[in-house]
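Computed from heavy atoms alone, side chains included, the values below leave out hydrogens, waters and symmetry copies. Here is how names work: the chains are called A, B, and so on, in the same order as the sequence lines, proteins then strands, and each is numbered from 1.
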Amino acid sequence: MPLNLLELKALNALELAPRLIGMKLLVGGVGGSIVETEAYLAEDPASHSFRGPRPRNAAMFGPSWHAYVYRSYGLHWCLNIVAEGAGAVLLRAIEPTEGLAEMRARRGSRVSLCNGPGRLAQALGITGAHNGLSLECQPFSIVDRSHAPEISSSTRIGISKATEQPWRFGFAGSRFVSRAFPKPGR
DNA sequence: CTAGGGATTGTCT
DNA sequence: GACAATCCCTAGG
């Protein structure tokens, strides 16, 4: 499906995060279907944009539908999609479908290719050089889903602030997520 | 200027 | 399940 960029660029992080589930993301022809995301809002203590513009988070205050890439724990890269309102959506897992050999080469032939933000970035060849780039241009290629999938949600992973917000989203039932989602409540 | 701590992952026990 | 690896932003003096 072609992208409705006008619609997508107007969404804030909390709206965009579930909207991205099921969309296909390729970087240099390598990638697959997005199955797990997390939303980070500007007024969110867990967000890098919470304390206002800084050199590191400048991309979050730029135009939406651009990449925000940061280094995590000094060694891993993490890829976000900037949303309206100085928020961003962290891409945590994709179901790899294109360029499997290249991903395995970058991942050192490890079994886990794209389940987790650091692994995903490594498998897709993302580095700080991609920070601030528009997702409308090479090497990025994004294709919309044809219909809305069933979405799971849970609290976000690895944060110490605003831990109760259920702002992690996933493709229901996918085995490619970084962590299983709790069963729907009853 | 220095100390503390991550939106993580791989390895070892 | 525990912990090291490793960079750099942030807070505080």
A/Glu98: what forms a side-chain hydrogen bond (donor to acceptor under 3.5 Å, both in side chains) with it, not counting sequence neighbours? A/Lys24
Can you find a pair of side-chain heavy atoms, one from [X] and one from [Y], that are under 4.5 Å apart?
| X | Y | value |
| --- | --- | --- |
| A/Cys114 | A/Met103 | yes |
| A/Ser33 | A/Ile94 | no |
| A/Leu90 | A/Tyr70 | yes |
| A/Val69 | A/Ile126 | yes |
| A/Leu26 | A/Leu124 | no |

Got a sec, which pairs hit side-chain hydrogen bond (donor to acceptor under 3.5 Å, both in side chains) with one end in residues 107-135 of chain A, sequence neighbours left out? A/Arg107-A/Gln122
Scan residues 52-68 of chain A for pairs that pass side-chain hydrogen bond (donor to acceptor under 3.5 Å, both in side chains), counting only residues two or more places apart or in two chains. A/His48-A/Tyr68
Which residues, if any, of [range] bring a heavy atom under 4.0 Å of DNA chain B?
| range | answer |
| --- | --- |
| residues 166-181 of chain A | none |
| residues 11-27 of chain A | none |
| residues 111-127 of chain A | A/Gly116, A/Pro117, A/Gly118, A/Arg119 |

Could you list the residues that satisfy side chain to side chain contact (heavy atoms under 4.5 Å, CB included) with [X], not counting sequence neighbours?
| X | result |
| --- | --- |
| A/Leu75 | none |
| A/Phe181 | A/Glu36, A/Ser152, A/Ser154, A/Arg168, A/Val177 |
| A/Ala13 | A/Ala39, A/Leu41, A/Ala83, A/Val89 |

Can you measure from [atom1] ([X]) to [atom2] ([Y]) and round to the nearest 0.5 angstrom?
| X | Y | atom1 | atom2 | value |
| --- | --- | --- | --- | --- |
| A/Met23 | A/Leu91 | CE | CG | 10.0 Å |
| A/Leu16 | A/Asn80 | CG | CG | 10.5 Å |
| A/Arg19 | A/Ile81 | CZ | CD1 | 11.0 Å |

Indicate whether OP1 or OP2 belonging to B/dG6 is found under 4.0 Å from a side-chain N or O atom of A/Ser160. yes
A/Glu36 has an atom CD; how far is it from atom C1' of B/dA7, in whole Å? 11 Å
Could you tell me how far apart A/Met60 (CE) and B/dA7 (C1') are, to the nearest whole angstrom? 10 Å
Between the side chains of A/Glu102 and A/Arg106, is the shortest nitrogen-to-carboxylate-oxygen separation below 4.0 Å, so that they form an ion pair? yes
Strictly distance-based, threshold 3.5 Å: is any side-chain N or O of A/Arg92 a donor or acceptor partner for the main-chain N or O of A/Glu38? no
Any donor-acceptor pair under 3.5 Å linking the side chain of A/Ser49 with the backbone of A/Ala86? yes
Does A/Arg107 or A/Leu90 map to a spot on DNA chain B nearer the 5' end, using the closest nucleotide for each? A/Leu90
Geometric cation-pi criterion A/Arg156 and A/Tyr40, 6.0 Å radius, 45° cone: yes
Note on DNA chain C: ranges paired as stems (three or more Watson-Crick/G-U pairs in a row, both atom distances under 3.5 Å) are B:1-6 with C:7-12, B:8-12 with C:1-5
Within the structure shown, what part of the strands sits under 4.0 Å from A/Ile159 by heavy-atom distance: base, sugar-phosphate, or nothing? sugar-phosphate
Nucleotide N/O of nucleotides 11-13 of chain B paired with protein N/O under 3.5 Å:
none

Encode nucleotides 3-13 of chain C as B, S and - characters from 5' to 3', where the letter depends on protein heavy atoms closer than 4.0 Å: B to the base, S only to sugar-phosphate, - to neither. --BBB-SSS--
